[in-house]
Every structure is written in C-alpha cells, then in structure tokens.
Amino acid sequence: MFSLFRWSSARAAFLAISMITGTITPMTIGAIASAQTTPSDTQDQTPTQNQIQTPSDTQNQQTPTQNQIQTPSDTQNQQTPTQTPTQTQTTTSFRDVSSDYWATPFIQALAQRNVISGFTDGTFKPDQPVTRAQFAAMIQKAFNQNPTRQLSQGGFRDVPANYWAASAIQEAYETGFLSGYPNNLFLPNQQIPKVQAIVALTSGLGLNAGDTTTNVLSTYYSDASEIPSYAVNNVAAATQANLVVNYPELKVLNPQGALTRAEAAAILYQALVRQGQLQPIASNLPAANYIVAGSGSGTQTGTGTTTTGNTTSTATTTSSNIVAFAGSNTSFSTLTTALQAAGLTETLQGRGPYTVFAPTDEAFAALPQETLQRLLEPRNRETLRRILTYHVVNGQVTTAGQATTLANKPVNVQLDSTSNQITVNNARVIQPVQTSNGVIYAINEVLIPPDVNISQLNNEISPGTATRGGSSYVGVAGNIGLGGDSALSEPNFAVISKLGLTRNFSVRPSAVFGDDTSILLPVTLDLIPRTADAAGQTFAISPYVGAGLAIEASDDADFGLLLTGGIDVPLGSRFTATGAVNAAFLDQTDVGLLFGVGFNF
C-alpha cells in the first residue's frame, strides 16, 4: 500500500526527526569520546626541524626552544613595553626618510600596505632597532600563512593577555615564524638581531637551501664566519630567495647586529616579492644595489634585464632550461608536478624559445583544493594540458597586446611603464627569469582558458569519490526502532554504505534486516564539515540530509518516501562513525535510528 501523503503520519515523522536530530550529534560524539583517551593538556614541547643547541663556548645564555638565536644573559628583569610605536601616522612620506634614502622604496611600499607605520611626530626612525614583539607585529600584518602548530594554553609567561602585541606574537608563533625560549619565555622587549629575523622569515615561509649552503655563504658574504651554525641553512635559503638586503656593504651581513626598522622593511618587502605579493624593486633604483642576488639550488644564476615594449624588468638568468629551473625552485613545485602529470616536460625541455607565464605555488593554492586534486588525476589530463598550454607562448613576447598560446587561445599582455608592472590577463608578473630555452614570468594567478570550466570538475559524477563530508565507506550498524511495523521500527542489525557521487552529493544504500527487511536508498547533500566538543575533546563532524526511496521487502512489499539526516565522524583515515535518523512513509510511518562504523575506501 502506498500511503505517501497521509498528513498525520508525515507530521509525526517530521516531529520525530526534529527531536532526534538534536540528540544524534551529542550521542554519537559522546560514544566516540568515551572510547578514546583524552590527550594530555601538557605544553607541546616537540621541537621543530630547526631546533638548535646553544654553542658550548657561549656563557650565560639560554637555549632557544625552536629556531631562535642566543638569549642575552639577563632574563630576570624583563621590561614589558606598554605599547607599540603609535599607529596614527598613515602617510607613506616621513620627514626623516628622504627621497634618496637607501631604503625609501621598501619603506614607502610597506607603509602603503599598512605593514609598517611611523610615529606621531611624522618620523619613521629608520635606524631604530626592532624588538621581537615589534617584528611579530610586522609579520602579522605582512603575511597570511596557515597555522602549523598551536601555542599552549596561557601563552608565554612574559606576554600577558592584555599585552599590546599578544595576538601578533601568538600568530607569529603558530605560523612558524617565531618561537620562544626555555621556561616558556618569549622576551618581547629584546632587540631582534638580523640573523634571527632572517631565520624567522625562512622558517615561516618554508625555505630551504638544499646542498649548496657552504658555497652560497662564502660567495656572497665576507663575514660568513660570523653566521651562527644553527642559522647557516636559513641564511643560505634566504640568499637564494633574494630576501637578504645588506646596507651599506653588499657583502657584509652583520648577522648579530640589531635589526633596524629600515632593514626590517627591506627584508619583509623581499619576502613579499618572493610570495608574489609585491613587484621587485626596479633595477634603476639605488635600493636594488643592496639586494643580495643568490642562486637557485643547483643552477648558475646572475641578473639581467627583459624588455617588453617600453617596460624593462630586472631578470634572473640561469643556465638551466625551463623545466630544470622550475624543478629546482621551491616556488614552482606544484607547476612541476602539473607539467609531469600533463606530459609537457619534454616539450618545455625543447629548443624553444618559449615564454612561460608560470603560476607560483601560492597561485595554485588559491584554487579550491578539490579542483587541483582532480586536475592532477589521469582522467583529467587533457583539461590540465589545455590549462598549462594556455600559459605558454612559442617565442618571446616583446610587445603589449594579444599573444597566441600553445592552447591556440590568446592571452592579453599589458604594460604599465610608470609602475614597471606587467600583467597577463588579470595576473601580475612577479619576477622574470631568463633560462637557456626561454623566459619564465612568475605570475600570481592561474590562467584559465575561456573554453575551460573548472567548476565542472567538482560536479562530475564519480561513484565512490570522497565528498566534502569525507570518504566513501561500507560498514555495519545497529538500528533502534521508534515506531512503525517494518524492520526499521525495531532493534535490528543493518548493513550501511556511503558512495560519493560528486563533491556535494552521495547515495547511501542501506539494509535493515528483520521480519520485514527494509531497504533504504537515499541521496544526500553532504554539508560542510564543522567541529563539536564532547568529553573534553574536539571532533570534526560532517552533517548530511537527504531523501529517497524506502522499500519494505515482505510478502506484501511496499515502498514509499524516505527522509534521512545524520552525521559522519572520521575516526582516523580508515574508519568513519555515523549516526542517522530515518523516516520511511510505508503502510505506517516507520522511524529508526542507525548507529554504525564504516570502512573507508
């Protein structure tokens, strides 16, 4: 009997769903929490890869807990500054920073971005030393990195909750830029040496020098012997990434000297150039003469110029071809993987010349994660090739206007001689690199051809795929009946499953075994995962709601509308716990609760 539209039964079902859904989440999570061990609340003391030891011949110093330099001997009388330099001076022109001052371009650019600011008297005080707290505040304003660790509850002992830089210090710590000292100290009022600032930037940005450390340091610094042993790799990595700025002597690093506000502006500017957030300093400005031009790992590099129309850009030159250079540069690791997946490495190793508009890792990271993962799948190889060849021009681009790519689609190259800025479609060119078989223009966005709709990649039906709610699975469950006359309404054993169809939708076939076995065939919308707390622990939960068909397999088989809703809770990478309420509109309205565990696939 098909009694789908009996209103009294429907009202009862919806009332049951409303009441039960409110209890499923705490019941499911509470059961999981009781079966797990509550993690210790002790402070995380796991060192990072850059953990160091205090040099044995240094007296009266503390050992940094992570990647910091030696601590001054006096730590008993720490002063807590009441405020940072007043942030009311928003102009980019300061009366003590003349137009011909060596760091003026760095200072003005960062002031425009509100990374740094001046004092109320209209000065910048470029030669004033920077404290660790002030540098943390600059880092907070300059970067938007994802956290890599968590500061212990209560934070640092010498950084009160109402301290002016407390949030900046916490963010700089959690994103891997700065770390503390033994006894849970941060020493916010301590002047930060230049080498410690370099270590902070390379750690936070994940830069590594590889195997060329010794050669890099001896080539570019006359005082390389003064670089602390723990910082050798970091300084070499910063040099290769063009982060280091030395004034007044290019080859004198002065690693242990206090970092000045002008030097802080310079190295932060270079770090933002590295990330593709700022354009490199024009080669005709005096400031460019103090940027230490390091080499990429495994390549021989120098500097030169590339000219497009009336715009001239400072370019790094390398003896490697396009593919070799991209593979050796940490900014193009995703591009290298994509070229290999698309089968384009052999093409770009050819004689050329080619012009490659190369998205950085940050540019690829701006795409939805699922989109990038799907593009790298073999079945989407042709789409990936169309996208990547849209970034390549056969020949050298020397004029503004349209340039036809290997995808047989044009890109629009625009030049701004005033700002020395080159754009391709809506992407900004960050840094040109002259290779042996063409030019790489690093860009801050992935170019999408007009005939490619990448949003369709996330809507393709692919049975068994993971949805945004988690993996597909098959498992077993127990049913608790709440009313009706089918197996769904009684305590019974069930087989459950989830088969992802797209990023957002799943089908969840299940069977509840009993005198009148119930077969459930719902299609669900998998909602965005969220967190919930239970028994002192935090869990990720993935809600879902849906509807479908319920079938009663008996002598007088019946079928009707099925409504369902529930949550999935990941249990590591292999298992998923699930809880759901099901309402089937058969001869009667059958309602049951399912609790089970699935094996992910």
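Just so you know, residue 1 is the first one in the sequence shown, and it goes up from there. Everything numeric here is computed off the predicted structure, so don't read it as measured data.
Proximity of a side-chain donor or acceptor of Glu174 to a complementary backbone N or O of Pro147 within less than 3.5 Å is not detected. Side chain of Glu263 to backbone of Thr260: a donor-acceptor contact under 3.5 angstrom is found. Side-chain atoms of Glu171 never come within 3.5 Å of backbone atoms of Ala168 as a donor-acceptor pair (strictly under, hydrogens ignored). No donor-acceptor pair closer than 3.5 Å links the side chain of Arg113 to the backbone N or O of Leu278. The closest donor-acceptor contact from the side chain of Asn444 to the backbone of Ala363 lies at 3.5 Å or more, if one exists at all. In this structure, Thr104 contributes its side chain and Asp100 its backbone to no donor-acceptor pair below 3.5 Å. For the pair Asn425 (side chain) and Ala427 (backbone), a donor-acceptor distance under 3.5 Å is absent. Although no hydrogens or angles enter the test, the distance criterion places no donor-acceptor pair under 3.5 Å between the side chain of Arg428 and the main chain of Asn426. With Thr355 contributing its side chain and Val439 its backbone, the two residues share no donor-acceptor pair below 3.5 Å. A donor-acceptor pair is defined here as one N or O able to donate and one able to accept, closer than 3.5 Å; such a pair exists between the side chain of His391 and the backbone of Leu447.
Counting all heavy atoms, side chain and backbone alike, Pro359 lies closest to Phe332 at O-CD2, 3.7 Å. Nearest heavy atoms, Ile139 versus Ala172: CG2-CB, 4.5 Å. Taking every heavy atom of both residues into account, Phe186 and Ala133 meet most closely at CE2-N, 4.3 Å. Residues Leu388 and Ala338 approach most closely at CD1-O, 3.4 Å, considering heavy atoms. The two residues Tyr390 and Pro410 come nearest to each other via the heavy atoms OH-O, 3.3 Å. Nearest approach of Leu201 to Ala271, heavy atoms of both residues: CD1-CB, 4.4 Å.
A cation-pi arrangement is not found for Lys251 relative to Tyr220, the charged atom failing to lie both closer than 6.0 Å to the ring centre and inside a 45° cone about the ring normal.
A centroid separation of less than 6.0 Å is found between the aromatic rings of Phe156 and Tyr173.
Residues Ser333 and Asp361 have side chains that bring a donor and an acceptor to within less than 3.5 angstrom of each other. Gln396 and Gln434 form no side-chain donor-acceptor contact under 3.5 Å, judged by distance and modelled atom types alone. With no hydrogens or angles considered, no side-chain donor-acceptor pair links Ser436 and Asn321 at under 3.5 Å. No side-chain donor-acceptor contact under 3.5 Å links Arg274 and Thr360. At a cut-off of 3.5 Å, with distance as the only test, a side-chain donor of Gln414 or Asn412 sits close to an acceptor on the other residue. Between the side chains of Gln108 and Gln112, not a single donor N or O lies within less than 3.5 Å of an accepting N or O. There is no side-chain donor-acceptor pair under 3.5 Å between Asp158 and Tyr181. A side-chain donor-acceptor contact under 3.5 Å links Tyr221 and Thr239.
Using a 4.5 Å heavy-atom cutoff, the side chains of Val273 and Asn242 are not in contact. Counting heavy atoms from C-beta on, the side chains of Tyr163 and Ile169 come closer than 4.5 Å. Between Phe119 and Phe94 the shortest side-chain heavy-atom distance does not fall below 4.5 Å. With contacts defined as side-chain heavy-atom distances shorter than 4.5 Å, the pair Lys125/Asp96 qualifies. Side-chain atoms of Leu110 and Leu268, non-hydrogen and from C-beta on, do get closer than 4.5 Å to each other. Looking only at side-chain heavy atoms (C-beta outward), Phe357 and Thr405 stay at 4.5 Å or farther from each other. Looking only at side-chain heavy atoms (C-beta outward), Leu253 and Ile198 come within less than 4.5 Å of each other. For the pair Gln275 and Gln270, the minimum side-chain heavy-atom distance is 4.5 Å or more.
Separating the CZ atom in Arg157 from the CG atom in Leu185 is a distance of 4.5 Å, to the nearest 0.5 Å. Atom CD of Gln140 and atom CD of Gln145 lie 13.0 Å apart (nearest 0.5 Å). The CD1 atom of Ile322 lies 9.5 Å from the CG atom of Leu339; values are rounded to the nearest 0.5 Å. Within the model, atoms OG1 of Thr202 and CG of Leu207 stand 6.0 Å from one another, a figure rounded to the nearest 0.5 Å. To the nearest 0.5 Å, the span separating CG on Asp223 from CD on Gln256 amounts to 10.5 Å. Rounded to the nearest 0.5 Å, atoms OG (Ser203) and CD (Gln196) are 10.0 Å apart.
Just one of Met138, Lys141, Arg261 meets the side-chain contact (heavy atoms from CB on, under 4.5 Å) condition when paired with Ile116; it is Met138.
Partners of Tyr101 under the side-chain hydrogen bond (donor to acceptor under 3.5 Å, both in side chains) rule, at least two apart in sequence or in another chain, are Asp127. Partners of Glu445 under the side-chain hydrogen bond (donor to acceptor under 3.5 Å, both in side chains) rule, at least two apart in sequence or in another chain, do not exist in this structure.
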Identify every side-chain donor-acceptor pair in residues 243-250 under 3.5 Å, counting partners at least two apart or on other chains, and give the distances.
{"residue": "Asn246", "atom": "OD1", "partner": "Lys194", "partner atom": "NZ", "Å": "2.6"}
{"residue": "Asn246", "atom": "ND2", "partner": "Leu250", "partner atom": "O", "Å": "2.8"}

**OP:** List the steps, then state whether side chain to side chain contact (heavy atoms under 4.5 Å, CB included) holds for Ser222 with Val252.
**Re:** CA-CA 6 Å; Ser222 60; Val252 178; 3.7 Å; yes
**OP:** Assess whether side chain to side chain contact (heavy atoms under 4.5 Å, CB included) is satisfied between Thr131 and Leu187, documenting all intermediate values.
**Re:** CA-CA 9 Å; Thr131 66; Leu187 308 182; over 6 Å; no
**OP:** Walk me through it: do Arg149 and Thr175 pass the test side chain to side chain contact (heavy atoms under 4.5 Å, CB included)?
**Re:** CA-CA 7 Å; Arg149 57 188 176 182; Thr175 52; over 6 Å; no
Subject >> Worked check of side chain to side chain donor-acceptor pair (under 3.5 Å) between Arg132 and Gln191 >> reply: CA-CA 6 Å; Arg132 282 168 53 81; Gln191 294 178 1; over 6 Å; no
**OP:** Verify side chain to side chain contact (heavy atoms under 4.5 Å, CB included) between Tyr441 and Val356, making sure each step is shown before the conclusion.
**Re:** CA-CA 6 Å; Tyr441 288 97; Val356 178; over 6 Å; no
